[in-house]
Amino acid sequence: MNKKGFIFDLDGVIVDTAKYHFLAWKKLANDLGIDFSEKQNEELKGVSRVKSLEKILDWGKTTVPEAVFTELMAKKNNDYLKYIEKMDQDEILADVPKVLDFLKDEQQPFALGSASKNARAILEKVALIEDFKSIVDGTDVSKAKPDPEVFLIAAKELKIVPENCIVFEDSVAGVQAANAANMISIGIGEKETLKEADYIFKDFTEISTAFIKELIEK
Ligand code: B16
Ligand code: MG
């Protein structure tokens, strides 16, 4: 039987936590007197917490001492966690269970490859934590996407060579990371934004189980 390694990003692929990141970053930015738009939030997708705060301070042409930077990161995360706390299975994005269930039926192992340090907490909230053979998140890596580290660790844990791995990603940095890892990249989102991906779908409702089967048998 063919075995492929399927690797899923979290935010924007399994659940939409971008809206909660937005609310928490907006509050923090506005408290500092910095404007923060939804368009800017798009630029933070897939970007680590540290890099996100650096970008917001840059946009506001502001710098803060290191100790304040650390405090701001903690403050944002505390606000974000309040939103996470209320999450449940209803927040799993449409047709994601269809694909995960199909992979289980086909005995294909799958992993999570996320930049978020809150990934395990979120998977628990939406009751998917037991389904992933491996979970690699922001606490496991030293280099952020577009570096391929997160996906290479996931492949190793799945015991599948990178060339036989397939990554689902909603961010440009994540697609670049998958490509740099020599994996098949599947962009979830807009064609114009994710043009570097091998395949692009608006969301999982556009992905058929026949297509997944083709990937397995490739
Ligand atoms: P945290 P992903 C990413 O998740 C988010 O897209 C990004 O907006 C966030 O800054 C990053 O996780 C870090 O999240 O603050 O929870 O550690 O798309 O890689 O699953
Ligand atoms: Mg994402």
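Counting starts at 1 for both ligands and their atoms, following the listed order. As the structure is a computational prediction, the values presented were derived from the model and not from experiment. If you read the sequence from its start, that first residue is 1, and numbering goes on from there.
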For the residue pair Phe168 and Phe8, is the inter-centroid distance of their aromatic rings smaller than 6.0 Å?
yes
Rounding to 0.5 Å, atoms NE2 (His21) and CZ (Arg49) come to a distance of 8.5 Å
- [ ] Establish, for the pair Lys104 and Phe102, whether the NZ or CZ atom is under 6.0 angstrom from the six-membered ring centre and no further than 45 degrees off its axis.
- [x] no
Report yes or no: do Asn164 and Asn2 form a side-chain donor-acceptor pair below 3.5 Å? no
Protein N/O/S atoms closer than 2.8 Å to the Mg ion (ligand 2), ordered by chain and number, come to Asp9 OD2, Asp11 O, Asp170 OD1
Please check: side-chain N/O of Thr70 versus main-chain N/O of Val68, any donor-acceptor pairing under 3.5 Å? no
Do the two ring centres, one from Phe110 and one from Phe6, sit under 6.0 Å apart?
-> no
**Message:** Under a 3.5 Å distance rule, please check whether Lys98 uses its side chain to pair with a backbone N or O of Ile207 as donor and acceptor.
**Reply:** yes
In this structure, CG of Leu100 is separated from CG of Asp95 (nearest 0.5 Å) by 10.5 Å
Which N or O atoms of ligand 1 sit under 3.5 Å from a protein N or O, and how far apart is each pair?
{"unit_1": "ligand 1", "atom_1": "6 (O)", "unit_2": "Asp11", "atom_2": "OD2", "d": "2.8"}
{"unit_1": "ligand 1", "atom_1": "6 (O)", "unit_2": "Gly46", "atom_2": "N", "d": "2.8"}
{"unit_1": "ligand 1", "atom_1": "8 (O)", "unit_2": "Leu44", "atom_2": "O", "d": "3.1"}
{"unit_1": "ligand 1", "atom_1": "10 (O)", "unit_2": "Val47", "atom_2": "O", "d": "2.6"}
{"unit_1": "ligand 1", "atom_1": "12 (O)", "unit_2": "Ser116", "atom_2": "N", "d": "3.4"}
{"unit_1": "ligand 1", "atom_1": "15 (O)", "unit_2": "Arg49", "atom_2": "NE", "d": "2.8"}
{"unit_1": "ligand 1", "atom_1": "16 (O)", "unit_2": "Ser116", "atom_2": "OG", "d": "2.6"}
{"unit_1": "ligand 1", "atom_1": "16 (O)", "unit_2": "Asn118", "atom_2": "ND2", "d": "2.7"}
{"unit_1": "ligand 1", "atom_1": "17 (O)", "unit_2": "Arg49", "atom_2": "NH2", "d": "3.1"}
{"unit_1": "ligand 1", "atom_1": "17 (O)", "unit_2": "Lys117", "atom_2": "N", "d": "2.7"}
{"unit_1": "ligand 1", "atom_1": "18 (O)", "unit_2": "Asp9", "atom_2": "OD1", "d": "3.0"}
{"unit_1": "ligand 1", "atom_1": "18 (O)", "unit_2": "Asp9", "atom_2": "OD2", "d": "3.1"}
{"unit_1": "ligand 1", "atom_1": "18 (O)", "unit_2": "Asp11", "atom_2": "O", "d": "3.2"}
{"unit_1": "ligand 1", "atom_1": "19 (O)", "unit_2": "Asp9", "atom_2": "OD1", "d": "3.0"}
{"unit_1": "ligand 1", "atom_1": "19 (O)", "unit_2": "Ala115", "atom_2": "N", "d": "2.7"}
{"unit_1": "ligand 1", "atom_1": "19 (O)", "unit_2": "Lys145", "atom_2": "NZ", "d": "3.2"}
{"unit_1": "ligand 1", "atom_1": "20 (O)", "unit_2": "Asp9", "atom_2": "OD1", "d": "2.9"}
{"unit_1": "ligand 1", "atom_1": "20 (O)", "unit_2": "Leu10", "atom_2": "N", "d": "3.2"}
{"unit_1": "ligand 1", "atom_1": "20 (O)", "unit_2": "Asp11", "atom_2": "N", "d": "2.9"}
{"unit_1": "ligand 1", "atom_1": "20 (O)", "unit_2": "Ser114", "atom_2": "OG", "d": "2.7"}

Going by the angle between their ring planes, with limits at 30° and 60°, are Phe211 and Tyr199 parallel, tilted or perpendicular?
perpendicular
